[in-house]
Novice: 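Before we start, here is the structure in question, set down as structure tokens.
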Amino acid sequence: VAAPNIRREVLTGLGKANPEFAELVRTSLFIFDDIATRISAKDIPQVVKNIDYEQLLKALAHAKADGSSETVEFIISSLPKRMGESMLEDIQNAQELDSEEGDRAINSLISVLQAMNEKGELKLL
């Protein structure tokens, strides 16, 4: 699985060369930053139940440090208040990850989302 920044670069370049094809590729791919726009907030609690909590924390902490705060905030705000507050505190206290470990955690979350989509447990928008 390609690192998220490589996917972004490829899609950006493809978008300049062939915008229509880039949009087809973009809709068939799913990256971390798509969570806020392609998953319903009501599905987020179920997603959280389907992934190892430590992996999720690593993914969210890495994403937040990597500039994806909007998506992290979408996930947190889509959870019940107490759970979201607890998770936010855990993210703030998480150890800094190297890029490779953080990308693996994000890819793990994406894999869970794709599996849930394939099983019909959530629908990508």
Side-chain angles (χ1 to χ4, degrees):
V1 178
N5 53 344
I6 293 171
R7 282 187 283 236
R8 270 184 287 230
E9 288 177 31
V10 169
L11 287 172
T12 299
L14 190 57
K16 291 176 183 173
N18 189 335
E20 291 172 5
F21 183 63
E23 187 57 31
L24 286 172
V25 171
R26 185 172 281 110
T27 57
S28 67
L29 289 178
F30 186 82
I31 60 173
F32 183 82
D33 288 335
D34 290 336
I35 291 173
T37 57
R38 295 192 60 200
I39 294 182
S40 172
K42 67 180 176 55
D43 289 330
I44 295 297
Q46 186 63 32
V47 171
V48 170
K49 289 178 186 176
N50 279 290
I51 187 168
D52 176 75
Y53 188 76
E54 290 302 314
Q55 278 298 103
L56 179 61
L57 283 181
K58 286 179 182 181
L60 296 180
H62 179 68
K64 188 170 184 166
D66 202 33
S68 293
S69 294
E70 262 184 51
T71 304
V72 174
E73 289 191 24
F74 169 77
I75 292 170
I76 299 295
S77 68
S78 299
L79 295 171
K81 185 176 181 176
R82 190 170 290 165
M83 180 186 238
E85 289 171 350
S86 175
M87 187 175 287
L88 186 58
E89 186 177 317
D90 289 344
I91 290 168
Q92 291 169 341
N93 294 327
Q95 294 181 6
E96 195 170 320
L97 304 173
D98 64 45
S99 207
E100 194 173 302
E101 185 177 4
D103 287 343
R104 273 196 311 270
I106 287 173
N107 288 336
S108 176
L109 173 58
I110 298 302
S111 293
V112 167
L113 292 170
Q114 289 170 331
M116 290 177 70
N117 183 50
E118 288 172 15
K119 293 177 187 173
E121 295 173 356
L122 68 84
K123 182 169 176 61
L124 298 179
L125 307 174

Novice: Could you list all the salt bridge (charged side-chain N to carboxylate O under 4.0 Å, His left out) pairs where at least one residue sits in residues 107-125, not counting sequence neighbours?
Specialist: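 Applying salt bridge (charged side-chain N to carboxylate O under 4.0 Å, His left out) to every pair that reaches into residues 107-125, excluding sequence neighbours, yields nothing.
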
Novice: Rounded at 0.5 Å granularity, tell me how far CG in L79 sits from OG in S86.
Specialist: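 The OG atom of S86 is 10.0 Å from CG of L79, to the nearest 0.5 Å.
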
Novice: Look at the side-chain heavy atoms of Ile, Leu, Val, Met, Phe, Trp and Tyr, link any pair under 4.5 Å apart, and say whether I44 and I51 land in one connected group.
Specialist: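 Yes: a chain of side-chain contacts under 4.5 Å links I44 to I51.
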
Novice: Is there a chain of hydrophobic side chains (I, L, V, M, F, W, Y, each step under 4.5 Å between heavy atoms) that links Y53 to L97?
Specialist: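 No, it is not one cluster - the side chains of Y53 and L97 are not joined through contacts under 4.5 Å.
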
Novice: For the residue pair E89 and I91, establish whether any side-chain heavy-atom pair is separated by less than 4.5 Å.
Specialist: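 When only atoms from C-beta onward are counted, I91 and E89 do not touch, as no gap falls below 4.5 Å.
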
Novice: Mind listing the closest non-hydrogen atom pair of V112 and V47 along with its distance?
Specialist: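 Taking every non-hydrogen atom into account, CG1-O, 4.5 Å.
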
Novice: At what distance, to the nearest 0.5 angstrom, does OG of S111 lie from CE of M116?
Specialist: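 The OG atom of S111 sits 13.0 Å away from the CE atom of M116.
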
Novice: Going by heavy atoms in the side chains, are I39 and L113 under 4.5 Å from each other?
Specialist: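 Sidechains of L113 and I39: in contact.
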
Novice: Rounded to the nearest 0.5 Å, what's the gap from CZ on F74 to OG1 on T37? Could you check?
Specialist: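 So the CZ of F74 and the OG1 of T37 are separated by 8.5 Å.
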
Novice: Under 3.5 Å, side chain of D34 to main-chain N/O of I31, donor-acceptor pair present?
Specialist: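 It does hold such a pair.
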
Novice: Exactly one of L88, I106, V72 should register a side-chain contact (heavy atoms from CB on, under 4.5 Å) with L60. Which one does?
Specialist: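 The side-chain contact (heavy atoms from CB on, under 4.5 Å) with L60 is passed solely by V72 among L88, I106, V72.
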
Novice: Taking the side chain as C-beta and beyond, is there a heavy-atom pair between M83 and P45 under 4.5 Å?
Specialist: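 Answer no - side chains too far apart.
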
Novice: So, taking the atom named CG in L109 and the one named CG in L56, what distance separates them when rounded to the nearest 0.5 Å?
Specialist: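 Interatomic distance, L109 CG to L56 CG, rounded to 0.5 Å: 6.0 Å.
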
Novice: Do any pairs count as a salt bridge (charged side-chain N to carboxylate O under 4.0 Å, His left out) and have a residue in residues 48-61, sequence neighbours left out, and if so which ones?
Specialist: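 Every salt bridge (charged side-chain N to carboxylate O under 4.0 Å, His left out) pair that includes a residue of residues 48-61, provided the two are not neighbours, is K58-E101.
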
Novice: Taking only residues two or more places apart in sequence or in another chain, which ones pass side-chain contact (heavy atoms from CB on, under 4.5 Å) with E85?
Specialist: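 Listed in chain order: K81.
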
Novice: How long is the straight-line distance from OG of S108 back to CD of Q55, given to the nearest 0.5 Å?
Specialist: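 OG of S108 is found 4.5 Å from CD of Q55.
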
Novice: Write down the atom of S68, the atom of D33, and the distance for their closest heavy-atom approach.
Specialist: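 In terms of heavy atoms, the two residues are closest at OG-OD1, 2.7 Å.
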
Novice: First locate atom OG of S40, then atom CD1 of I35, and finally report the distance between them rounded to the nearest 0.5 Å.
Specialist: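 One gets 13.0 Å once the value is rounded to the nearest 0.5 Å.
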
